[in-house]
Amino acid sequence: MKNYLMGYMVTAALLTTINTACKKTSTVDATTGTTIGAGVPDVYKKIYGATSIYIDGSYVVIKATSLPDHKSPYYQGTQWASTKYEVYNGTNTLWNQNPNTITESDCTYRIPLNPTVATTHASTPLGPMGVALNGVPIFNQYAAMGAALTNEINSFDQYDGHPQQQGMYHYHAEPYYLTTNKGKDALLGFLLDGFPVYGPTENGKTISNSDLDVYHGHFGVTADYPNGIYHYHVTTAAPYINGNGFYGTAGTVSQ
């Protein structure tokens, strides 16, 4: 009996130690409520719309609900309408609200911690190809069935996003809420290959497609990467965020 009790006490003490150690490996951001695991690079802590961010092997894992933190006409009729609904007040005279409404769409992004250029550049998917700082998914330059955004762009709200048929709100182009609040040259998010996305200006210059390669990016120094890194830019013309596929080897996203 004595040996049994001793073994029980040792096991209990060990479990307490493990639990205490686990608690110390993550923190909760007091401002955003995001749970941040040990070893997460500071640049990823800028994703304030995530519910949690942690390291899993060679990946940064980001969990987010996809709900935009800004108002939208697409919040009409939802449980968040009392605080988040806002009538369209943008500048597009062809604005035409689509029939969808915003729903919570949980996404888990597994992004390479150390992004590398791909040997074969994979096409970006229809659906989330990255995540913005506010946890909203980033989509590519195509509408459903790979169609051009020519008509669909008229359903983008005043912050340049809209929900798809299942209610997942997303951006295909410049997220105006972020560039207004963070700056036109600011980090806006990451694509699944781990390379960052920046706003439409750099060193005081407005970036155009001619400044970028076929993947819609280039190598250079940024405020977050003083040693330089390949990065994407949003521009006012198609393909807006990404061109002919991922520059790097992409991770995954699950819903």
Side-chain angles (χ1 to χ4, degrees), residues 32 40-50 53 60 62 64 68-70 90-92 109 111-118 121-124 128-142 149 153 156-161 170-251:
T32 65
V40 171
D42 287 344
V43 69
Y44 278 97
K45 296 175 184 178
K46 292 189 174 185
I47 305 177
Y48 68 89
I53 307 172
V60 179
I62 301 160
D69 55 329
H70 54 72
T91 59
N92 184 0
Y109 303 87
I111 296 177
L113 180 60
N114 298 300
T116 56
V117 59
H121 299 276
S123 299
T124 54
M129 68 169 179
V131 59
L133 296 188
N134 59 354
V136 170
I138 297 172
F139 279 29
N140 67 17
Q141 69 271 39
Y142 300 112
L149 289 173
I153 204 167
F156 294 177
D157 65 20
Q158 52 268 45
Y159 299 107
D160 227 16
H170 57 278
Y171 304 118
H172 290 274
E174 179 182 345
Y176 294 140
Y177 182 79
L178 292 179
T179 53
T180 297
N181 289 281
K182 300 293 183 180
K184 288 285 188 177
D185 60 348
L187 174 72
L188 302 178
F190 293 86
L191 294 196
L192 288 175
D193 60 2
F195 289 109
V197 180
Y198 280 85
T201 67
E202 187 171 74
N203 298 323
K205 175 187 176 182
T206 297
I207 300 296
S208 65
N209 289 351
S210 62
D211 296 310
L212 307 172
D213 63 21
V214 296
Y215 307 104
H216 217 244
H218 63 184
F219 184 91
V221 171
T222 73
D224 307 288
Y225 298 92
N227 294 323
I229 191 170
Y230 181 88
H231 55 279
Y232 302 99
H233 280 279
V234 298
T235 60
T236 57
Y240 308 110
I241 298 176
N242 175 266
N244 295 346
F246 291 111
Y247 179 74
T249 301

Can you tell me how far OH of Y159 sits from OG1 of T180, rounded to the nearest 0.5 angstrom?
8.0 Å
Residue that, paired with T235, satisfies side chain to side chain contact (heavy atoms under 4.5 Å, CB included) out of T206, D211, L212
L212
Find out whether D224 and K46 are in side-chain contact, i.e. whether some heavy atom of one side chain is under 4.5 Å from a heavy atom of the other.
yes
Does some side-chain heavy atom of F156 sit less than 4.5 Å from a side-chain heavy atom of N92?
no
Write out all pairs satisfying salt bridge (charged side-chain N to carboxylate O under 4.0 Å, His left out) with one or both partners inside residues 231-246, taking only residues at least two apart or from two chains.
none
Are L188 and Y232 close enough that some pair of their side-chain heavy atoms sits under 4.5 Å apart?
no
Mind checking whether P196 and Y225 have side chains closer than 4.5 Å, heavy atoms only?
yes
State, with a plain yes or no, whether a side-chain heavy atom of P128 is found less than 4.5 Å away from one of Y109.
yes
N209 side chain reached by H216 side chain, heavy atoms, under 4.5 Å:
yes
For residues 235-245, which residue pairs pass the salt bridge (charged side-chain N to carboxylate O under 4.0 Å, His left out) check, not counting sequence neighbours?
none
Which pairs count as side chain to side chain donor-acceptor pair (under 3.5 Å) when at least one residue sits in residues 131-141, sequence neighbours excluded?
D69-N134, T124-N140, N134-Y171
Measure across P137 and F139 and return the closest heavy-atom pair with its distance rounded to 0.1 Å.
CB-CE1, 3.8 Å
Using the test side chain to side chain donor-acceptor pair (under 3.5 Å), find all partners of Y176 that sit at least two apart in sequence or belong to another chain.
none
Give a yes or no on whether the backbone of G199 and the side-chain of H233 come within a donor-acceptor separation of less than 3.5 Å.
yes
With Y230, which of F219, F246, F195 fulfils ring pair (Phe, Tyr, Trp, His ring centres under 6.0 Å)?
F195
Any salt bridge (charged side-chain N to carboxylate O under 4.0 Å, His left out) pairs touching residues 178-199, not counting sequence neighbours?
E174-K184
Enumerate the side chain to side chain donor-acceptor pair (under 3.5 Å) contacts for residues 239-249, please, sequence neighbours excluded, ordered by first and then second residue.
none
